[in-house]
Amino acid sequence: SGWSSTSVSRPDAAVGATIHMGIKPGSSAVVAPGEEFVYPTVFIGATHGDVEDSTNELHRWVEAKLRPPVPGGLTPLIVHNSWWIGMDVDKAKVQAMADVAIEAGMEMIHVDAGWFRAVGDWRPNPEKFPGNALRELSDYVHAHGMRFGLWVGWVQGGDRTAVGDATEPALSVFNSTQNGWFPQIPQPATGNTKFGEKYHNPGPFTGATMCLGSVDAQEWAVARLRQVILDFDLDMLEHDQPIITHSGCDREGHHHVVNDTTDSSRAAAQGYYRVYDTVRNWSAVAHRPMFFEDCVNGGRVIDFGIVQ
């Protein structure tokens with residue numbers, strides 16, 4: 001998650017190894033009276049055999065001891081994912097995917113990036129999915145006994161100055177009620193210059209990463225994800241793109257040391273856990289048990305806290 005460090009040295013392979021684990025050296029944290037500081041969990045496992053044997057043992061341990069129960073008790077599912085057409089996804093293509101998946105006996109349709117209006121505005125693009133098309137596709141998939149999943153890069157804020165209507169605001173650095181959730185430290189930036197030097201400029205599916213150390217940002221994310229899940233009757237939610245700002249966070253009130261990259265990473269990682277714990281627990285009661293997929297530009301987030 002960007003806030004822990006591991007190093008291994010083998011001065012004498014015949015004797016063993018020295019392993020150093022924990023928070024990266026040189027960082028600091030402020031702990032208020034009565035407050036807990038949660039240290040990164042350290043796991044050390046040993047097994048007989050080669051790398052494949054140890055990997056299989058680790059997978060079994062994660063499934064038995066760490067990961068929440070899987071809906072239906074069976075994984076992995078056979079999924080038809082729209083990313084094979086990239087951002088060009090639309091109603092007709094998802095309908096065709098669904099028909100192929102039904103005929104082939106697949107188990108889930110997964111609509112990847114490209115369905116939304118703009119980065120930060122997680123409502124369907126009306127040109128690609130007019131009217132209530134995305135929900136209608138979800139209903140069609142469910143009627144044929146399959147599950148329906150959706151990509152949402154919900155930590156990414158956009159640059160829209162018209163930030164949606166009052167009931168469904170987009171996440172934007174130009175929204176005065178949301179701007180304080182984004183660090184002001186210059187972030188790596190290319191492309192759209194409206195952000196200036198302060199933010200990672202929005203591309204087709206990535207923008208400015210908000211700091212999830214902010215409780216207000218967490219609460220916005222929980223409310224927005226609940227609405228997305230209900231609007232499209234989701235069985236699976238995929239999160240993609242960074243959860244931690246590239247250069248730390250310089251904002252006060254985000255429950256981390258200002259300008260300490262490691263401590264802001266810790267706060268963001270723990271904020272991310274809280275968002276998903278809250279959404280998962282809510283969904284199990286108010287909607288249905290769900291699958292959650294975590295991805296950062298195609299690479300799995302393998303932090304044990306996210307697995308939990």
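By the 4.0 Å N-to-carboxylate-O rule, Arg123 lies too far from Asp231 to be salt-bridged with it. Ion pairing between Glu63 and Arg60 fails under the 4.0 Å rule for side-chain N and carboxylate O. The pair Asp263-Arg266 meets the salt-bridge criterion, since a charged nitrogen lies less than 4.0 angstrom from a carboxylate oxygen.
Taking SG of Cys295 as the start and CG of Asp112 as the end, the distance is 8.0 Å to the nearest 0.5 Å. Taken to the nearest 0.5 Å, the CG atom of Leu230 stands 8.5 Å off from the CZ atom of Arg135. The OG atom of Ser265 sits 11.5 Å away from atom CG of Leu212, with the distance rounded to the nearest 0.5 Å.
At least one side-chain heavy atom of Met290 sits under 4.5 Å from a side-chain heavy atom of Leu237. Put simply, the side chain of Val141 does not reach to within 4.5 Å of the side chain of Met108, judged on heavy atoms. Here the side chains of Trp115 and Asn125 are not in contact, with every heavy-atom distance at 4.5 Å or above. You'll find the side chain of His239 reaches within 4.5 Å of the side chain of Trp154, heavy atoms only. Between Val111 and Phe148, some side-chain heavy-atom pair lies under the 4.5 Å cut-off. Looking at Pro124 and Phe116, their side chains never come closer than 4.5 Å, going by heavy atoms from C-beta outward.
Phe205 and Trp83 have perpendicular rings, their planes meeting at more than 60° on a 0 to 90° scale where under 30° would count as parallel.
Residues Ile306 and Leu225 fall within the same hydrophobic cluster, defined by Ile, Leu, Val, Met, Phe, Trp and Tyr side chains chained together at heavy-atom separations under 4.5 Å. Connection of Leu150 to Val222 is established within a shared hydrophobic cluster, with ILVMFWY side chains joined at heavy-atom distances below 4.5 Å, either directly or through further cluster members.
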Please lay out, stage by stage, how Thr209 and Gln241 fare under the test side-chain hydrogen bond (donor to acceptor under 3.5 Å, both in side chains). CA-CA 9 Å; Thr209 302; Gln241 303 308 306; over 6 Å; no

With side-chain hydrogen bond (donor to acceptor under 3.5 Å, both in side chains) as the test, would you mind laying out the steps for Gln156 and Thr206 before giving the verdict? CA-CA 6 Å; Gln156 302 297 296; Thr206 186; 3.0 Å; yes

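Within the structure, every pair that satisfies the side chain to side chain donor-acceptor pair (under 3.5 Å) test and touches residues 91-103, not counting sequence neighbours, is listed here: Gln95-Asp99, Asp99-Tyr140.
Taking the centre of each ring, Tyr276 and Phe292 come in below the 6.0 Å mark.
At a cut-off of 3.5 Å, with distance as the only test, a side-chain donor of Arg251 or Asn179 sits close to an acceptor on the other residue.
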